[in-house]
> 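Dropping the structure in here first, questions after.
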Amino acid sequence: MSADRVRGVVVDIEEPKTVNTQYGESDLCEVTIRPDRGAGEPTTVTLWGKWTENAEVIETGMEIAVYNPDEREYQGEQQYSVGGDATLVVQPDFLVDVTDIRAWVQCPRMYYLRKLDGAEHAYPLVKGTVVHEVFGDLLRGRDLDTAIEEQVDAAGLDIGLLGREADEVAGDVRDHASAIQGWLQQGTLTETDQWRSEMTLISERFGMKGRADAVRRGMPVELKTGKNTKREPRFQDKIQATAYALMLGERAAGAGSAVDAAPDTGTLLYTKNAAVDRNEESGDLSPAKEFSIGSGLLNYVVRTRNAIAAMEYDSGVPTGYEANAKCEYCFEQDTCMAVSGRLDQESKAGTVGRAVPDEELDYFERFYTAVEAERRSVHREYAKLWEQTPGERADNDRALIDLEPTGRTELDGGRWELRATGTGAVSKIREGNLVLASDGDPVTGNAELARVERLGEEIVVTADEPLDLRRLDVYPSELTTDRLQNALHDAVLLQSPEQKDVLFGRREPAFDAVEETFIDNNDAQNEAVQLAVGAEDFALVHGPPGTGKTYTLARMVRALVDRGDRVLLSAFTNRAVDNLLEALEDQGYTDIVRVGTESGVREDMQKYRLETSGDPGECASRLQNAQVVAATTATCGGSTLQTQEFDVAVVDEAGQLTEPGTLAATTLADRFVLVGDHQQLPPVVQSENETLSTSLFERLIDDNPDAGVMLDRQYRMAQHIQAFASREFYDGGLRPATGEVAAQRLDDLDGVSLDALPANLRERVSFVDPDGSQVGNTNPAEADRIAEIVASYRAAGVPADDIGVIAPYRAQVAEISKRLPDVTVDTVDRFQGSSKEVIVISFVATGTLDSPIFEDYRRINVALTRAKKALVLVGDGDALATDEVYGRMVEWARG
DNA sequence: CCTCTGCTCAGAGGA
């Protein structure tokens, strides 16, 4: 019996040695692994020849996989060898981008610097992107002039921000595009050429992902808008194309050897060669350069990929010595030396400048490591793409499977609209999302990145190439982690020492005294605006539920604008950003530019949205002249807003943001205001991660109580409803704004009679124990009882719209929804920021509380504070009593 | 053992 794959955790690595074999001298290194994630019997894997280079970076605890190993029995033990046709993959769950392999081949430090400071806005990049888009259009048979015009138009904002004109860019693009067209029209390219453009490749086997510019007859074609007058393609370009060839080979090989099945030729297309002056340049000016792809190059790609994955195992920092970096002509040399100097890192190029203070170095390292841990959780999401290939039919809310294709239409832009009917299953996929659309198998089948246009009975997506739409998968993205890393870099390395002093507690934040009254009937709200206006560094506004936080924010923004400040308005979610704009609108302020994707911005706020295509000058000046710019923090970390500066950044729902997430907005401004409530929802973090799950808001409010004000009067809840939350979460400091708010009752609503309610529901807060039992994450008996309770309120005259039901698990939400089709039933997270006259909460758990109900107490705070006039808690009283806080809650609810 | 939003994606090139 032979295994085509061996995988396990490394438990021992011998010193490499040189031995004599029948073929001459050869290096080897023995590695002992335990299969089954470390649980299996120890097995020896011998790395031969160049694979011993990887042995130097492997550490115990890492996982390795070997494909097609030579296998033999020696003294009763199975031994495996990596040489010949075999391939070694280190940390296969870590997905390395092809462009990262390319960067590492140039210099490992370059790989690292790209990760820290990725949001660059430069003309060669913008031009290169446009040329690539035009290339794709030409492959899809579009007309050259139309393609250039449309793609330059699509890049309008980027071009404008660089101060360029559309005509000038179109001319530059034409020089490149003509070379492409000339090459495409050459006789060697026949009707039989089969082209695919923009092919997304994800490899489980090699732990690699990337997107090939084009694939012709199964072979990779890479477009480069740079110049290369040598006869050979540049080495890093060959590596990039070879990486795609390896993944194409994997798709073609099935269970066989990907190296054997890989295409044997790659093509690099250097479009600038055609545009240079032939009188001044010598050398080979033909744009297309082919090269042969052999097992040597393919294995080199894998070894390089392994070196990266091994370094990322413990968030290491490369020095430049890991590969043969040449610093003399490197255009990143200055940056490299500056970064290594400031972060006290070793660099082959040397260092300049003094290191930032120790506490900043520690901070940088702590957050860098935390963000990389978060990146690894994103990588685990990719694994779900191949955990459930067709047939396995995993219950997974990350995919819509078994779709029935109903048709496709070619659209004007050369893109395709693909349609299918769904099975009615629910998933995380929503309209506007970027997904992997496939013919049924997202990994080895025909798959394309696509945009979800409609998600009803009929499912409609748009993609670059046509396919039979049988399946959609969530496409995991490292974009957020990339941007967190950029924000960390900007905060520690680009901010002035004065700005950092207050972040690192070396100086108290300073305030100018402000006498002006902005809000005259609420002292805390007025003080919040005064603090914000007078802040020289930062101000903090703590806004518990219902305290008029959004109104205060809008008033604050107006006050800042009146002083002439340019304001950046941000929050984690699109919904929160749009809510803020609505509040500003309510105050009559509309000089706003909203930056964000079309699908992210709410319909009624589209009128403020910055158009990214069109006349470059117009697009750019609209952004540059806006006094108030609004965007999510993720967008703040992107390249568009990196070109902008602000006097003040105002960040809402700051308690929900990780520290680097907040910095993405605050580093764009001289000073900042954070508004939020650290007693409500914490940041959403995928990895178990203490560092990321505390918000900057919470840290600053703990360290600088004088820099903050708490809004203490709430306009939402009746006295009794707010009492528990006030005592438990706000030290008793939260109180009703008026007697009217405190005394509100359900029969204040038109047509509602309390007498029509059963006796146990007449109080403002009640507790009901339905004596149900938990089944998985549902409790059907409790769902029945909740349906009865809601029916009682309806019978007493409460409109369905005024009632909301909150449950801890999505399964229970579905269970209750089945019984209550016209009432809003949702999880806590989706209820945040809104409120209802009547709230019913389902606790599901019975017997014991061994699994977390609302994760932590902050979630229950959110749930309890959604109700205005009536709140009903439904659950197992005995189970809840086993927890101190829930126990006190039940006592309070029973009155 | 559960909750879950962001974001065009990954790659654009200089010498």
Side-chain angles (χ1 to χ4, degrees), chain A residues 97-100 102-103 106 114 118 120-133 155 158 198 200-202 209-213 222-228 234 236-237 240 270 272 326 328-333 378 397 428 430 432-436 448-452 464 475-484 571-577 596-600 612 631-639 653 656-658 661 664 681-686 776-777 807-813 826-830 832 844-845 849-856 859 862:
Chain A
D97 274 336
V98 169
T99 46
D100 281 335
R102 175 198 162 92
Q106 292 180 79
R114 267 166 45 101
E120 196 188 344
H121 201 80
Y123 183 56
L125 305 186
V126 171
K127 184 175 75 180
T129 306
V130 175
V131 173
H132 275 75
E133 294 295 330
D158 283 333
E198 307 265 321
T200 300
L201 297 160
I202 308 168
K209 62 185 163 77
R211 202 162 70 159
D213 282 345
E222 273 301 298
L223 184 69
K224 296 290 163 197
T225 39
K227 181 178 68 174
N228 177 13
R234 270 183 293 256
Q236 63 264 32
D237 297 342
Q240 185 178 3
Y270 293 97
K272 199 174 182 180
K326 287 194 179 61
E328 304 89 82
Y329 308 114
C330 177
F331 40 84
E332 295 284 21
Q333 191 175 7
V378 175
D397 59 1
K428 300 184 83 160
R430 296 200 315 271
N433 281 6
L434 187 78
V435 293
L436 203 55
E448 278 285 327
L449 281 179
R451 165 90 36 207
V452 179
D464 275 346
Y475 189 76
S477 164
E478 291 180 50
L479 187 131
T480 308
T481 49
D482 287 347
R483 298 215 168 150
L484 294 182
F572 181 52
T573 62
N574 276 308
R575 192 164 66 173
V577 173
T597 58
E598 195 180 349
S599 58
T612 56
T632 59
T633 48
T635 299
C636 288
S639 64
E653 303 204 345
Q656 273 185 72
L657 278 164
T658 63
L681 299 184
V684 175
V685 176
Q686 304 209 4
N777 288 322
Y809 311 120
R810 259 193 286 166
Q812 178 74 348
V813 166
D826 235 321
T827 55
V828 185
D829 298 70
R830 289 171 170 273
Q832 69 174 303
V844 181
L849 292 182
D850 46 337
S851 74
I853 306 181
F854 283 101
E855 183 180 336
D856 62 26
R859 264 195 167 71
V862 176

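Numbers restart at 1 for each chain; the letters A, B, ... are given by sequence-line order, proteins then strands.
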> Check every strand shown and say whether A:Asp213 touches a base, only sugar-phosphate, or nothing at a heavy-atom separation below 4.0 Å.
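Touches sugar-phosphate only.
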> Over all strands shown, is A:Arg451 touching base, sugar-phosphate only, or nothing at heavy-atom distances under 4.0 angstrom?
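The residue A:Arg451 makes base contact.
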> Can you list everything that forms a salt bridge (Lys or Arg N to Asp or Glu O under 4.0 Å) with A:Arg234? Sequence neighbours excluded, please.
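In terms of salt bridge (Lys or Arg N to Asp or Glu O under 4.0 Å), with neighbours along the sequence ignored, A:Arg234 is linked to A:Asp237.
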> Indicate, with a heavy-atom threshold strictly under 4.0 Å, whether A:Arg234 touches base, sugar-phosphate, or nothing.
base
> Taking only residues two or more places apart in sequence, or in another chain, which ones meet A:Arg575 in a salt bridge (Lys or Arg N to Asp or Glu O under 4.0 Å)?
none
> Answer with base, sugar-phosphate or nothing: what part of the nucleic acid does A:Tyr123 contact at a heavy-atom distance below 4.0 Å?
nothing
> To the nearest Å, give me how far apart CG (A:Leu449) and P (B:dA10) are.
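It is 8 Å, rounded to the nearest whole Å.
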> Need one value for A:Thr633: base, sugar-phosphate or nothing, where a base atom within 4.0 Å counts as base even if backbone is also close, heavy atoms only.
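Nothing, no heavy atom under 4.0 Å.
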> So A:Glu222, base contact, sugar-phosphate only, or nothing? Heavy-atom distance under 4.0 Å.
sugar-phosphate
> In plain terms, say whether A:Arg859 and A:Asp829 are close enough for a salt bridge, that is, a side-chain N and a carboxylate O under 4.0 Å apart.
yes
> Looking for any heavy atom pair under 4.0 Å, which part of the strands does A:Thr827 touch: base, sugar-phosphate only, or nothing?
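Sugar-phosphate contact only.
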> Side-chain donor or acceptor of A:Thr480 under 3.5 Å from a matching atom on the base of B:dG6?
yes
> From the set B:dC7, B:dC4, B:dA12, return the single nucleotide nearest to any side-chain atom of A:Lys224.
B:dA12
> Using a heavy-atom cut-off of 4.0 Å across all strands, would you classify A:Lys209 as base, sugar-phosphate, or nothing?
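Result for A:Lys209 = sugar-phosphate.
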> Using the C1' atom as the point on both nucleotides, what is the distance between B:dC7 and B:dG11, in whole Å?
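About 16 Å, rounded to a whole number of Å.
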> Base, sugar-phosphate or nothing for A:Glu198? Non-hydrogen atoms, less than 4.0 Å.
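Here A:Glu198 touches no strand at all.
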> When the distance from CG of A:Leu125 to C1' of B:dA12 is rounded to whole Å, what number comes out?
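The answer, rounded to whole Å, is 5 Å.
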> Is a salt bridge present between A:Glu120 and A:Arg114, judged by a nitrogen-to-oxygen distance below 4.0 Å?
no
> May I ask you to say what A:Val685 touches in the nucleic acid, namely base, sugar-phosphate or nothing, with a heavy-atom cut-off under 4.0 Å?
nothing
> What integer distance in Å separates A:Gln812:CD from B:dT3:P?
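Taking atom P of B:dT3 as the reference, CD of A:Gln812 is at 12 Å.
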> Let me have DNA chain B in dot-bracket notation, would you? Count Watson-Crick plus G-U wobble pairs, both distances under 3.5 Å, and use [ ] for pairs crossing earlier ones and | for inter-strand partners.
...............
> May I ask you to check whether A:Gln656 and A:Gln832 show a side-chain donor-acceptor distance below 3.5 Å?
yes
> Counting side-chain heavy atoms from C-beta on, which of B:dG11, B:dT5, B:dG13 comes nearest to A:Pro124?
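Nearest to the side chain of A:Pro124 among the choices is B:dG13.
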> Rounded off to whole Å, could you give me the CG-to-C1' distance for the A:Asp237 and B:dA15 pair?
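Taking CG of A:Asp237 and C1' of B:dA15, I get 13 Å after rounding.
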> Please work out if A:Gln656 contacts a base, only the sugar-phosphate, or nothing of the nucleic acid, heavy-atom cut-off 4.0 Å.
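Since no nucleic acid heavy atom lies under 4.0 Å of A:Gln656, the category is nothing.
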> At 4.0 Å (heavy atoms only), tell me whether A:Phe331 reaches a base, stays on the sugar-phosphate, or touches nothing.
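If one applies the 4.0 Å heavy-atom cut-off, A:Phe331 turns out to touch a base.
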